[in-house]
2 protein chains.
Amino acid sequence: MPRTVDREEQRRHIGTALLRLVSERGLDEVSVRTVAAAAGRSAGAVQKYFRTKEEMLAFAAELAGERVERRMAGVDASLPPRQALRALILTTLPVDAERRAEAAAQLAFAVHAAHHPRLAAIRRQVDADIRQALTAWLESAGHGAHASAVADAVIALSDGLALRMLYAPQEHEHLLTVLDHALDALLPDPPAPAPAPAPPTMG
Amino acid sequence: MPRTVDREEQRRHIGTALLRLVSERGLDEVSVRTVAAAAGRSAGAVQKYFRTKEEMLAFAAELAGERVERRMAGVDASLPPRQALRALILTTLPVDAERRAEAAAQLAFAVHAAHHPRLAAIRRQVDADIRQALTAWLESAGHGAHASAVADAVIALSDGLALRMLYAPQEHEHLLTVLDHALDALLPDPPAPAPAPAPPTMG
DNA sequence: CGCTTTAGAATACGACTGTATCTCAAAGAG
DNA sequence: CTCTTTGAGATACAGTCGTATTCTAAAGCG
């Protein structure tokens, strides 16, 4: 066997470049050639790792989903429940350059999925994973009553806020206060005796 | 002046065809030629009414926004506040074929707007209109406390639910119960003030 | 009536698309 | 070493893209 290479690592390298491209220039600037250029490869090289563009997009969508799940898993579990939930949600919002890139990619894929069954299946799986993690967390934090419904509401709220932050970055700060206000409403009483996390000053 | 035609009506005809195309096949199936075919015109005819594709997209985005605002304005204002709010939100969710088409177009434009300032400005204006209408309605319904924050939360929640409904139609029913649960949480107590003032017409 | 302006279709153009095929250097196996 | 398989780049091809230009037919106005 001649010269060989870690194929999966190469795929991730290309997938990462694709996600960067989606976040910076939008999904319809993604072509085999632009992705290759962003990855520092030739178009022919990209073709060695993805036989079709659709396969490449599906891979990148899964990669983006894994990233969100991994980052959510990394949230400090020792935080007070309310802050922990806020931290979980912040991992999905475009609060800095890196998260903005991922949020832009996630939402672009989500809209694309409305007309592409393969991407839709990936999105649903990512949603299911996040929903389960959130539900489990809510139950362990004492919000077992309608945990799964609250989890879905939180997911929808986060997606909606992220979407708007992308095209209205000037409302960024305001939307974070909206998030806090909505969380206060959705999670009525912190069961822990911890001092209530300072709600944002409304006004 | 020779043969003339209602230019604005022609533009709306083409814009309507564009929105249909976006909802049925996605924004990246939109080209001057496909829009022309969907409108029953030739590509050359479309060019007479929109000098560039970007101008055509901007027009369609405004058209879609106007439709939502108009439909929200048409919600029966005599309904009990809680049902009225639910009805307002349902005008933006893909609950039937027509609304699904509009929701798909709205979300496609929203994501597109993340990288196209002109579309972003249109989206922000539509958001501002809806937000103001919702806020006014909430205040008149006795939820004046944090009306504008609640309005933004409701908008984000609706967008997030609509997005997910598009690629997960099988979760449709479930997501409607999530909506009701979230509304219960966001609008805590039925407004006590007895003389329920007729909510203003929206828009 | 002819003249002129318009609607609308057809065509032209260069650029870009996804994908298939070809070339060539490099590196492990014998 | 040679042989052979792979990575990676280059090129080819048919199709579509947005847009500019050209054409035909029709209709209002003198």
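Numbers restart at 1 for each chain; the letters A, B, ... are given by sequence-line order, proteins then strands.
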Around atom CZ of Arg7(B), are there more than 12 heavy atoms from other residues, nucleotides or ligands closer than 6.0 Å? yes
Regarding Phe50(B), tell me which of base, sugar-phosphate or nothing describes its non-hydrogen contacts under 4.0 Å with the strands shown. nothing
Tell me: CZ of Arg25(A) to C1' of dC16(C), nearest whole Å? 13 Å
Whole-Å gap separating C1' (dG18(C)) and CD (Glu29(B)): 14 Å
May I have the distance from Arg41(A) (atom CZ) to dG7(D) (atom P), rounded to whole angstrom? 12 Å
Side-chain donor/acceptor of Arg124(B) to backbone N/O of Tyr167(A), under 3.5 Å: yes
If you check the Tyr49(A) side chain, which of dG9(D), dG7(D), dT19(C) turns out closest? dG7(D)
Please report the distance, rounded to the nearest Å, between CG in Leu57(A) and P in dT19(C). 10 Å
Below 4.5 Å, heavy atoms only, C-beta onward: do Arg11(A) and Glu55(A) meet side chain to side chain? yes
Name the pairs: protein N/O against N/O of nucleotides 23-25 of chain D, kept only if under 3.5 Å.
none

When you measure from the side chain of Thr34(A) to the backbone N and O of Glu29(A), does any donor-acceptor pair fall under 3.5 Å? yes
Tell me if the CD atom of Gln83(B) is crowded by more than 12 foreign heavy atoms within 6.0 Å. yes
Counting side-chain heavy atoms from CB outward, which of dA8(D), dG8(C), dT17(C) is closest to Gln10(A)? dA8(D)
Is the closest basic N to carboxylate O distance between Glu98(A) and Arg71(A) below 4.0 Å? yes
Separation of Arg51(A) atom CZ from dA8(D) atom C1', in whole Å? 18 Å
Residues Arg164(A) and Asp159(B) bridged, charged N to O under 4.0 Å: no
Return yes if some donor-acceptor pair links the side-chain N/O of His181(A) with the main-chain N/O of Val150(B) below 3.5 Å, else return no. no
Whole-Å distance between dA7(C) C1' and Asp6(B) CG? 14 Å
Protein N or O to nucleotides 11-16 of chain D N or O, pairs below 3.5 Å:
from: dA12(D); atom 1: N6; to: Arg33(A); atom 2: NH2; distance (Å): 3.4

Rounded to whole Å, how long is the line connecting atom CG of Leu18(B) with atom P of dG18(D)? 11 Å
Any donor-acceptor pair under 3.5 Å linking the side chain of Gln106(A) with the backbone of Ala64(A)? yes
Length of the CZ-P vector between Arg11(A) and dA8(D), whole Å: 14 Å
Out of dT19(D), dA7(C), dG7(D), which has the shortest distance to the side chain of Arg7(A)? dG7(D)
